[in-house]
Amino acid sequence: MRNTVCSGLAALLLLGSFTFVSPTQDPEVPYPEGYRMWTHIKTGLIGPANPGFRFNGGYHHIYANATAMQGYNTGYFPKGSVLVFDVLDAKEQNGNTTEAGRNHVDVMVRDSVKYASTGGWGYEEFKGDSHTERLLTTAVKGQCFNCHAQQSDHVFSEFRK
Ligand code: HEC
């Protein structure tokens, strides 16, 4: 009887420690401070005829930090690579289309250990100009990953010289 209680307790403790150790969520992707000073990779413009307009309509500018530039050059993005997809609304007046407010900032961070569950890239989206308001659930991060995983090293864009 005493033994049963003991092993029951031991099992509970073991279970407890496993729950404590096992990661319930990937670590947070930090806001990419200063990315406007990084290398500009390219710009795209998504119009109302595109199915992606609802989420990514307007301009998107892609930026890479110095580590990620190695990835554009070699095809392999090292740990610490950060890529930014900066989405700004577009407004038209007299045939002149210009940038309007920032809609959101998408981020990808390379760390094969921290973000193993999404192929070695961490995904996040920050609302508008906010550095703290995060928009992605684990399920949506999975959608980012599923689409990006179709590309070599999970990156779509190429550096335009
Ligand atoms: C249906 C496919 C698809 C989904 C889903 C998707 N992306 Fe992308 N993403 C793209 C494409 C295509 C580009 C390149 C756009 C261009 O070249 O103008 C891109 C570019 C990017 C870039 C710049 C690096 C690169 O790969 O060129 C980042 C950062 C990014 N996406 C983050 C995200 C995040 C965060 C999510 C989830 C909220 C997400 N993406 C969901 C297709 C997708």
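Both counts, for ligands and for their atoms, begin at 1 and track the order of listing. Atom set for the values below is all heavy atoms of this structure, side chains included, hydrogens, waters and symmetry mates excluded.
Trp38 is listed as a side-chain neighbour of Pro32, based on a closest heavy-atom distance under 4.5 Å. Using a 4.5 Å heavy-atom threshold, the side chains of His104 and Glu125 count as touching.
Using a non-hydrogen distance threshold of 4.0 Å, Cys147 registers as a contact of ligand 1. Ligand 1 has at least one atom lying under 4.0 Å from a heavy atom of His60. Put simply, no part of Gln151 is less than 4.0 Å from ligand 1, judged by heavy atoms.
With respect to atom 23 (C) of ligand 1, the closest heavy atom belonging to the protein is Ile62 CG2, 3.8 Å. Nearest non-hydrogen protein atom to atom 32 (C) of ligand 1 is Asp106 CB, 3.7 Å. Looking at atom 37 (C) of ligand 1, its nearest protein heavy atom turns out to be Cys144 SG, 1.8 Å.
Atom 8 (Fe) of ligand 1 sits nearest to atom NE2 when only the N, O or S atoms of His148 are considered.
A donor-acceptor contact closer than 3.5 angstrom links the side chains of Glu99 and His61. Asp153 and Tyr76 share no side-chain donor-acceptor pair at under 3.5 Å.
Listed by number with element, the atoms of ligand 1 under 4.0 Å from a non-hydrogen atom of Glu124 are 35 (C). Counting the atoms of ligand 1 from 1 in the order shown, those under 4.0 Å from a heavy atom of Leu83 are 24 (C), 29 (C). The distance from ligand 1 to the heavy atoms of Glu125 drops below 4.0 Å at these ligand atoms: 38 (C). Distances below 4.0 Å separate heavy atoms of Tyr123 from the following atoms of ligand 1: 34 (C), 35 (C). If you number the atoms of ligand 1 from 1 as listed, the ones under 4.0 Å from a heavy atom of Gln143 come out as 5 (C).
On a distance-only criterion, Phe156 and ligand 1 share at least one N/O pair closer than 3.5 Å. Residue contacts with ligand 1: Lys42 is placed with a nitrogen or oxygen under 3.5 Å of a nitrogen or oxygen of the ligand (distance criterion only). Residue Ser157 has at least one nitrogen or oxygen atom sitting less than 3.5 Å from a nitrogen or oxygen atom of ligand 1, judged on distance alone.
The pair Arg102-Asp89 does not meet the salt-bridge criterion, since no charged nitrogen lies less than 4.0 angstrom from a carboxylate oxygen. A salt bridge links Arg134 with Glu28; the closest basic N to acidic carboxylate O contact falls under 4.0 Å.
Between the side chain of Arg110 and the backbone N or O of Phe77 there is at least one donor-acceptor pair closer than 3.5 Å.
Both the backbone and the side chain of Val155 come within 4.0 Å of ligand 1, judged by heavy-atom distances. In Leu136, the part holding a heavy atom less than 4.0 Å from any atom of ligand 1 is the side chain.
Taking the ring centroids of His148 and Phe156, they lie under the 6.0 Å cut-off.
The 12-atom threshold is exceeded at CD of Glu92, counting heavy atoms of other residues, nucleotides or ligands nearer than 6.0 Å.
Here OG of Ser152 is found 9.5 Å from CD of Glu158. Values are rounded to the nearest 0.5 Å.
Using a 30° and 60° split on the angle between ring planes, Phe159 and Tyr72 fall in the tilted class, from 30° to 60°.
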